[in-house]
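So you know, we letter chains A, B, ... as the sequences are listed, proteins then strands, and number each from 1. The figures here come from the full heavy-atom set of this structure, side chains too, leaving out hydrogens, waters and symmetry mates.
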2 protein chains.
Amino acid sequence: MARPLRHPTRDEIELPLVLDCLSDPIRLAIVYQLAQHQRDGTELCCGDFNELSGKSNLAYHFTKLRDAGLMQTRIVGTNRLMKLRREDLDARFPGLIDAVIKSAARDAGRLSLVAECEIADTD
Amino acid sequence: MARPLRHPTRDEIELPLVLDCLSDPIRLAIVYQLAQHQRDGTELCCGDFNELSGKSNLAYHFTKLRDAGLMQTRIVGTNRLMKLRREDLDARFPGLIDAVIKSAARDAGRLSLVAECEIADTD
DNA sequence: TTCCTTGTTCAAGGTTTATTGAACTATTGA
DNA sequence: TCAATAGTTCAATAAACCTTGAACAAGGAA
């Protein structure tokens, strides 16, 4: 399981692939949650998204997000810690991720960006 | 041919559908060209995109763009005049279209946003 | 009217996608 | 060593997607 994961370099990140990733509701929710937790420096692991779908389906979406250059994954023990590649994305496509995250936040009601229980406790 | 075309209202425009539209290279090129010509108030007709693909394939993409709320089409004689729904999009998703257009412009080389001949005469 | 132009619609095709469950690997902890 | 945990990979399936060409509809010009 310690196979090195391939990530595209900054320059290899392609706009259509990024937009395609963001156009899927589950992937948008993943990116949204990564963006939220990025602000306090937290990395998330696969299990943190279990409310969004089944494990194998999530693994499929994680691969797409990693291949498109949206997120970085590092392996720590039996966990995968993931974070948004914000600096790279901002450098390649200034303002894009920001606009998407903010637009998603405004439409949070229709988009189901988080699990039901997480919506409940908005303390 | 004078059937009224259905356009979603501003509020009905959905983020995932918009991003999905923009993730296809042909549709991104259409939106890009609409955005360029919008600045001088020009509307474009279907034929203006003939270099991008065949007519029936373009009609398919036009329908998707219209259904997603990205562009408005009005019928004038035997032509369809199309424009970007910039105000509606900016109201729903501030900064998004701008970031996408600018990112596309930067990557113009890889994206083939215009026909070969148009790239040639950059006068 | 007749033809030409503009553009849509339809059916068919091949491709890619998202989703599932079962089987598997690797690490941790008892 | 053994079991539990975290996550991947594989095969299968149904749905959606993009593309093509042929047939169609409507307006403008001769």
Side-chain angles (χ1 to χ4, degrees), chain A residues 1-7 14 16-31 33-34 42-68 70-83 111-112 115, chain B residues 1-7 14 16-31 33-34 42-68 70-83 111-112 115:
Chain A
M1 218 180 197
R3 183 133 351 105
L5 300 173
R6 207 175 37 249
H7 295 81
E14 302 280 359
L17 284 180
V18 167
L19 294 172
D20 181 56
C21 272
L22 296 169
S23 74
D24 178 273
I26 290 185
R27 289 192 296 262
L28 180 58
I30 293 171
V31 168
Q33 290 184 221
L34 286 175
T42 328
E43 286 170 296
L44 295 179
C45 67
C46 302
D48 291 323
F49 302 95
N50 281 340
E51 303 91 347
L52 293 173
S53 185
K55 275 165 49 156
S56 66
N57 186 227
L58 285 176
Y60 163 75
H61 289 300
F62 292 148
T63 304
K64 283 213 111 180
L65 286 165
R66 205 179 51 238
D67 287 349
L70 272 137
M71 69 183 209
Q72 179 113 39
T73 306
R74 68 190 181 97
I75 302 178
V76 174
T78 171
N79 294 295
R80 262 102 161 122
L81 297 185
M82 302 179 286
K83 61 171 184 176
L111 290 177
S112 68
Chain B
M1 219 178 196
R3 183 128 356 102
L5 299 173
R6 203 172 42 247
H7 295 81
E14 301 279 0
L17 285 180
V18 167
L19 294 172
D20 181 56
C21 272
L22 296 168
S23 74
D24 178 273
I26 291 186
R27 289 193 295 262
L28 180 58
I30 293 171
V31 168
Q33 290 186 220
L34 286 175
T42 329
E43 284 169 296
L44 295 179
C45 67
C46 302
D48 291 324
F49 301 96
N50 281 340
E51 302 92 347
L52 292 174
S53 185
K55 277 165 46 156
S56 66
N57 187 226
L58 286 176
Y60 163 76
H61 288 300
F62 292 147
T63 304
K64 282 212 112 181
L65 286 165
R66 207 179 50 238
D67 285 350
L70 272 139
M71 69 183 209
Q72 179 113 40
T73 307
R74 68 191 181 98
I75 302 178
V76 175
T78 170
N79 294 295
R80 260 101 161 124
L81 298 185
M82 302 179 287
K83 62 171 185 177
L111 290 177
S112 69

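Here the CG atom belonging to B/Leu44 is positioned 11.0 Å from the OG1 atom belonging to B/Thr73, to the nearest 0.5 angstrom. Between the CE atom of A/Met82 and the CD atom of A/Glu43 there is a distance of 9.5 Å, given to the nearest 0.5 Å. In this structure, A/Gln72 CD and A/Leu81 CG are separated by 11.5 Å, a value rounded to the nearest 0.5 Å. B/Phe49 CZ to B/Glu51 CD: the interatomic distance, rounded to the nearest 0.5 Å, is 9.5 Å. Taking CG from B/Asn50 and SG from B/Cys45, the interatomic distance works out to 8.5 Å, rounded to the nearest 0.5 Å.
With a 4.5 Å cut-off on side-chain heavy atoms, B/Thr63 and B/Arg66 count as touching.
Protein atom CG of A/Asn50 is 14 Å distant from nucleotide atom C1' of D/dT8, rounded to whole Å. As a whole-Å value, the separation of B/Asp67 CG from D/dA16 P is 15 Å. When the C1' atom of D/dA16 is taken as reference, atom CZ of B/Arg27 falls 12 Å away, rounded to whole Å. Distance CG (B/Leu81) to P (C/dT8): 12 Å, rounded to an integer number of Å. At whole-Å resolution of the value, NZ in B/Lys64 and C1' in D/dC17 are 7 Å apart. Regarding B/Glu43, its CD atom lies at a distance of 16 Å from the C1' atom of C/dT6, rounded to whole Å. Atom CG of B/Asp48 and atom C1' of C/dT6 are 12 Å apart (whole Å). Note: CG (B/Leu52) to C1' (D/dT20) measures 17 Å, nearest angstrom.
For A/Thr78, the listed nucleotide lying nearest its side chain is C/dT27; candidates were C/dT19, C/dT20, C/dT27.
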Mind listing the N/O atom pairs, protein and nucleotides 1-3 of chain C, below 3.5 Å?
none

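A sub-4.0 Å separation between OP1 or OP2 of C/dT8 and a side-chain N or O of B/Arg80 is present. Taking 4.0 angstrom as the limit, B/Asn79 places a side-chain polar atom (N or O) nearer than this to OP1 or OP2 of C/dG7.
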Inset, instruction - Starting from the C-alpha separation in whole Å, work towards a yes-or-no answer on side chain to side chain contact (heavy atoms under 4.5 Å, CB included) for B/Gln33 and B/Leu52. - result: CA-CA 11 Å; B/Gln33 290 186 220; B/Leu52 292 174; 4.1 Å; yes
Output a table of donor-acceptor pairs, distance under 3.5 Å, between side-chain atoms of residues 18-30 of chain B and any protein atom two or more places apart or on a different chain; print 'none' if there are none.
residue : atom : partner : partner atom : Å
B/Ser23 : OG   : B/Asp20 : O            : 2.8
B/Asp24 : OD1  : B/Ile26 : N            : 2.9
B/Asp24 : OD1  : B/Arg27 : N            : 3.1
B/Arg27 : NE   : B/Cys21 : O            : 3.1
B/Arg27 : NH1  : B/His61 : ND1          : 3.2
B/Arg27 : NH2  : B/Asp20 : O            : 3.3

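Here the closest non-hydrogen pair linking A/His7 and A/Met71 is CD2-O, 3.5 Å.
Using a 4.0 Å cut-off on heavy atoms, the residues of residues 54-63 of chain B that approach DNA chain D are B/Ser56, B/Asn57, B/Tyr60, B/His61, listed by number.
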